[in-house]
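Let me begin by presenting the structure, written as structure tokens, before commenting on it.
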Amino acid sequence: MNEPICLLEAVNLALARALDDDPEVILFGEDIGHNGGVFRATDGLAKRFGAHRVVDTPLAENMIAGTAVGMASQGIRAVVEIQFMGFIFPALEQLIAHAARLRHRTRGRLSCPMVLRAPYGGGIHAPEHHSESTEALLAHIPGLRVVIPSSPARAYGLLLGAIRCDDPVIFLEPKRIYRASRTLVEDSGAALPIDRCFTLREGADLSLISYGAMIPECLAAADNLAERGIDSEVIDVASLNPIDYDTLLASVSKTGRAVIVHEAPGKGGVGADISAVLNEQLWGQMRAPVMRVTGLDTVMPYYRNEQHYLPGVSDILDAVDKSLEAGRNEILQATGSG
Amino acid sequence: MNEPICLLEAVNLALARALDDDPEVILFGEDIGHNGGVFRATDGLAKRFGAHRVVDTPLAENMIAGTAVGMASQGIRAVVEIQFMGFIFPALEQLIAHAARLRHRTRGRLSCPMVLRAPYGGGIHAPEHHSESTEALLAHIPGLRVVIPSSPARAYGLLLGAIRCDDPVIFLEPKRIYRASRTLVEDSGAALPIDRCFTLREGADLSLISYGAMIPECLAAADNLAERGIDSEVIDVASLNPIDYDTLLASVSKTGRAVIVHEAPGKGGVGADISAVLNEQLWGQMRAPVMRVTGLDTVMPYYRNEQHYLPGVSDILDAVDKSLEAGRNEILQATGSG
Amino acid sequence: MREAVFKTEISLTRYLRADGKPLDELPGWSHEPEPLTSYYRWMVLARQFDQKAVALQRTGQLGTYPSSLGAEAIDVVTGHLMSHEDILVPYYRDHVLQMIRGTPMRDVLLYWGGDERGNAGVGMARDLPNAVPIATQTLHAAGVAASLKYRHQPHAVVCLCGDGATSKGDFAEALNLAGVWHLPLVMIVNNNQWAISVPRHMQCAAPTLAQKALAAGIPAEQVDGNDPIALHEVIGHALQRARAGKGPCLIEALSYRLSDHTTADDASRYRAPDQLKEAWQNDPLRRLRQYLVDLGYWDESRERQCLDEAQQQIQQAVEDYLATPPEPVESMFEYLYAELPEQLRTQIEMARVRGGGDL
Amino acid sequence: MREAVFKTEISLTRYLRADGKPLDELPGWSHEPEPLTSYYRWMVLARQFDQKAVALQRTGQLGTYPSSLGAEAIDVVTGHLMSHEDILVPYYRDHVLQMIRGTPMRDVLLYWGGDERGNAGVGMARDLPNAVPIATQTLHAAGVAASLKYRHQPHAVVCLCGDGATSKGDFAEALNLAGVWHLPLVMIVNNNQWAISVPRHMQCAAPTLAQKALAAGIPAEQVDGNDPIALHEVIGHALQRARAGKGPCLIEALSYRLSDHTTADDASRYRAPDQLKEAWQNDPLRRLRQYLVDLGYWDESRERQCLDEAQQQIQQAVEDYLATPPEPVESMFEYLYAELPEQLRTQIEMARVRGGGDL
Ligand SMILES: Cc1ncc(C[n+]2csc(CCOP(=O)(O)OP(=O)(O)O)c2C)c(N)n1
Ligand SMILES: Cc1ncc(C[n+]2csc(CCOP(=O)(O)OP(=O)(O)O)c2C)c(N)n1
Ligand SMILES: [Mg+2]
Ligand SMILES: [Mg+2]
């Protein structure tokens, strides 16, 4: 490809590559065939690879997940689509009780090399249930991998990594930035590791930790901070389970300050976990409390008010200011607490 | 009742009381009628209140939850049982997409006064899927309440509170301690507040924060610590959503040390949330990092090895020792980190 | 030795041909001007409303909108046959049915305009709002029906869904419970032949969807969903049975989705133009209009007047809709629980600030 | 006008009366000593194994155990008819079926003794292990069948479940997909009349469970699950069709759970003793033994020898089981992912220490 492509097209490119490389890769889901998926992630694939490899299913997410588990148990790499993350709940029993456990349950006799793709997140003025970010539910489940890309190149590389992985991977696509920007992505067939953070920007003063559609917001915040002479490191967590704590701890032990950003509700969100670990591991090294900038702890409102729910650049900057502020009083406070 | 009763019997007593007080309370679930539930939580209730009020259902958890939402939308207090928490997953779509949102979606026109009861937790040598602690999945959902009792009296009072509450409540019963101890519980009809922590033991040196079946372990740890002259406060969180942070923050700002204990996996567990909030709110007041003692981040093993998965008193004591140790070096470290 | 242990058959009810001519002897009531002219008026309103809503979406004044083009007869007949005390559990194409039940047209627009107040309408005190996750409402309907039964109230619950919805386990579970508990539930499947891009034959291998009822041991009917007389007969009968304690019923109404799935869809990607053209031959409005014209109950001038009235009503609703300011931000928290937990108060302020400013 | 658009009937197949006498002309093969005497031997083994497993549980040497008492014929016939290349997706009562497929008896004990190695057996390389959450395995079976079809492998998948499982949406979804995708799936419902304490009539209002297939548009059969000859005919036919690419089939095998649900259950709380007594009249072992005795293929001495052999085999398996030390604690992490994430290494040490000591 010599044209710059967007994240959505990068997903398509990776799927095509996987289908091309391995005859035992199959795609199925609702409307993914002829129609190419409601977002067009599978556009053209049924035509190119045949309706036996890019397959429309009846409408049942539990069925999609359970069938994928069955196929994967026989070694077929089932790459399935759930149309929106808000419709993933019927699939949870299969994901939690089976996909995550098949290898464990059979002491490695069988495994579950499936990928379940779903667009997630808000900000596109969609109807109810089309804007959820419930990744924390999945990231809590031992045995599942949860991966979220935040750029065309990472979408391509991580999706290939997910498909080739012998574990079940939940691949969540930040639909708000499906078409946000275009970059050149070489169709090299090279996968990216699906268990590593990506340091998108290095900095010494502060670590901005995020994933998915909030990455562009963090990068914008970092630009803004740079203008004020504040040098922030931006880390794309990318893999929410397992989390690459080596990278996160190294960054925050360097900067002493962390702001975690995601659009899911704060309570019980992935940010809570990261905060807890940073605090446990970097006791005495933090220059400010780990801050979280997250979605609110309420139901995602219908779209007319959704902008009041989602965090944005200014919310990130506010948190950064608080972090910098806290840092200034730190020794004083710590001494006063004894 | 003039006999001391166990937690399981207290559940039964509260259900009977609720059925007696309010003709619009209905119980349904698998095997809860004639058979009285597989744990006997509904023993005798079908006989006493009739098969139209204590109703056996076909085998389908999604159906149980969805039907409860429908009944509750019409003002009937549906109190339903899921036989084991490991079988709650098919119910999640209804709980997340509907129970939690009915009031919100209709701007208060309809509400969802249902209670979904399920025994949870390990340590009873049960088959696979009969030992799960996935409360974090539910505690992450705005609009749901999640309540866990840890004694006969709290089981009675909290369950009455849950049934009378106009919000949907997930009531998780720590089956390992269903019959662990007996106390006198007056059938007074008095509910306990379902959004408050319970301070079970006051102490100045350290806060032990837990819920459910890990409470007895924490109390045992506290006894042990007392022998060593360490004075620990034991708090039963009881309500996992929303969490009564007033009580938790007051305790930890007093003691400066917190150890959080639960049997669910640590990663993304409720303890992560509590740790994150304590660290955010009590920055500079902590004398040691917030510690977590939790289940391991792997699939709950079959029962032959389950004791190697679950935390126990000695794990709690180890964490306490680390907390006390860290406290000793605290000022040094904080100063050194600048 | 093989011995037959179960025998059954399922019938399709139809009275009018596509051109509005009777196929057979008609029921007596259908020779009168009412309710059929009322049905027709509402069907016209539904179609005009649809057009307007699509236009609003195209001009950025409404969110994604699912047209009810081709389903008008099902909704209008159902709406008229339901009593005030019957309870509706709709799906997302049932705009006109909700309006007949009292939901202001403005509220329907508010709902699709991303405003929860669209669900608060007083006109439908106990009816359920749209359930977006497919087929989930079928279980609510079973629960609502169970509450009627428990309270000994002789009313029926009507639940609607699409052909795609019948593939989701919820649907089977709801019918199964309705069968075992003998619930007053009338389940109507609007089989419009498509679930977004998935055609009916890729949804289920059974020749009818009505036969899904057999799995639950409950009565099954197939009906021509473009034929208001047939719909009236079949749905009316099912409602009476349900109200009389005679149990549930599944009705498969055969229709065709004459529109894209929603405004976010482009059906030309997956649907042959010929099929659509053919389907228009079965247009329910055309059929009923022709029948009424043949009886002398309808003519050009009535048609024009009816259209004008519909336009006025719609215009008013659109104005009301567009003039409705967004809800205050705190509404996001206000309805979360019966009482707002103390812990969440601080988040109201955060919400106000987010999205670039106060309201 | 009402026009029939779907007609069907479902048949029950039965050859032997409860007392072992033929009801009708029997298929030719059933006059030979094989496979019926083999069936009988395995049924005896199943029953003996069951008794022993229950005894082990009662003495604290095994965890909760679900007896297969009354289901022996279904399992044994299915196990014999399946080829090595067919794939089994069992449920938790299919101990003897798994053994026929090659799972060592010791492994069955390990599984119910709380040891995952019970699922690792080489004898069933591609078979699925038990799925504890009811009906979830039906979807796996559809997926396994889809993989056979995708790979053009002419084998069948056999999936089993109970009557209770047919109420869960998964079951309907799996059959539906099998219908649409024309999968080589033979779904066998062991209708033992109870789902723990819930009797069949409270599970579903349909007169047969076989008719659940009609919802999916696939063939349905009812068969006497206590009659090995009928089972052989019906299951054999379904397997041949599936292998030949003729699609899926649902078989309802009528049986009776002669035991408690599991060792954790006490059926006397909810089941009339008379019903159980009556059900014993239909005992599949009694029926087949009588038939074989009448043909001269079986007698007291063979019976005694068969019991002795079963006892020996069981005794050996129990000894092997009891002599198997628990798995090392790190196995808890070893099989979680294809490779153990670095982050989890430290937890292995924690696991070792927990539960009071090293292993
Ligand atoms: C559980 C779930 N899965 C997927 C979707 C996305 N979706 C919305 S409508 C639809 C097709 C529904 O088809 P059908 O039931 O036939 O109703 P129709 O729209 O044709 O009237 C799909 C897949 C959803 N809303 N819910
Ligand atoms: C999803 C789920 N819900 C509940 C249970 C608990 N449970 C185990 S067996 C059983 C009854 C199953 O009955 P049936 O399907 O008839 O099979 P049988 O045991 O009678 O052979 C129940 C409710 C479970 N294992 N999984
Ligand atoms: Mg449709
Ligand atoms: Mg059964």
Side-chain angles (χ1 to χ4, degrees), chain B residues 29-40 43 46 51 55-64 66 83-84 86-90 93 123-131 265-267 293-315 318, chain D residues 63-66 92 110-119 130-136 162-170 195-199 202-204 261-262 264-267 269-271 326-329 331-333 335-336 341 343-344 347-348 350-356 359:
Chain B
E30 297 160 11
D31 304 293
I32 71 158
H34 232 75
N35 195 36
V38 294
F39 284 103
R40 311 288 176 248
D43 195 21
V55 192
D56 279 327
T57 63
L59 201 168
E61 287 74 11
N62 178 38
M63 179 276 286
I64 290 172
Q83 211 157 73
F84 286 88
F87 308 134
I88 212 173
F89 309 126
E93 178 173 47
I124 63 158
H125 274 210
E128 194 182 358
H129 297 291
H130 289 69
S131 303
K267 178 166 189 311
V293 180
T294 68
L296 304 173
D297 293 323
T298 188
V299 171
M300 175 70 150
Y302 287 11
Y303 77 76
R304 233 177 147 186
N305 270 335
E306 73 175 329
Q307 77 278 14
H308 291 286
Y309 178 91
L310 292 170
V313 174
S314 68
D315 305 298
D318 282 355
Chain D
T64 301
Y65 174 80
Y92 48 80
L110 276 174
Y111 176 78
W112 294 106
D115 190 321
E116 288 87 346
R117 285 171 300 182
N119 295 321
N130 291 339
V132 171
I134 298 290
T136 53
D163 45 311
T166 67
S167 296
K168 198 155 166 275
D170 314 44
I196 309 187
S197 73
V198 179
M202 291 176 72
Q203 200 64 245
C204 180
H261 169 69
T262 65
D265 178 48
D266 172 8
R269 288 175 66 90
Y270 53 78
R271 199 158 73 170
E327 223 176 349
V329 171
S331 66
M332 197 189 298
F333 291 94
Y335 302 105
L336 186 62
Q343 301 90 307
L344 292 182
Q347 295 198 14
I348 295 180
M350 294 171 73
R352 283 218 184 84
V353 175
R354 288 191 177 178
L359 270 178

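For clarity, every value in this text was computed on a predicted model and none was experimentally measured.
Counting heavy atoms from C-beta outward, R269(D) and D43(B) have side chains that approach closer than 4.5 Å. No side-chain heavy atom of E116(D) sits less than 4.5 Å from a side-chain heavy atom of N305(B). Within the 4.5 Å cutoff, the side chain of F87(B) has no heavy atoms near those of the I134(D) side chain. The side-chain heavy atoms of K168(D) and E61(B), taken from C-beta on, include a pair separated by under 4.5 Å. The shortest side-chain heavy-atom distance between P326(D) and R304(B) falls under the 4.5 Å cut-off.
Interface remark: I196(D) contributes backbone and side-chain atoms alike to the contact with chain B (heavy atom separation under 4.5 Å). For S131(B), no part lies near chain D; criterion is any non-hydrogen pair under 4.5 Å. Neither the backbone nor the side chain of I348(D) comes within less than 4.5 Å of any heavy atom in chain B. Interface residue D31(B): backbone and side-chain heavy atoms are both found under 4.5 Å from chain D.
For the atom pair D266(D) CG and R40(B) CZ, the distance stands at 6.5 Å (nearest 0.5 Å).
Within the 3.5 Å criterion, the main-chain N or O of A351(D) finds a donor-acceptor partner in the side chain of H308(B).
In terms of heavy-atom proximity, A60(B) sits nearest to S167(D) at CB-O, 3.7 Å. Of all heavy-atom pairs spanning G295(B) and R354(D), the tightest one is CA-NH1, 4.0 Å. Nearest heavy atoms, L59(B) versus G164(D): CB-O, 3.5 Å. Of all heavy-atom pairs spanning L296(B) and M332(D), the tightest one is CD1-SD, 3.9 Å. Of all non-hydrogen atoms in H130(B) and V132(D), the two that sit nearest each other are CE1-CG1, 3.5 Å. In terms of heavy-atom proximity, P127(B) sits nearest to T64(D) at CG-CB, 4.1 Å.
With a 6.0 Å radius and a threshold of 12 heavy atoms from other residues, nucleotides or ligands, H125(B) has its NE2 atom above the threshold.
When each of D297(B), D56(B), T57(B) is scored by its heavy-atom pairs under 4.5 Å with chain D, the top score falls to D297(B).
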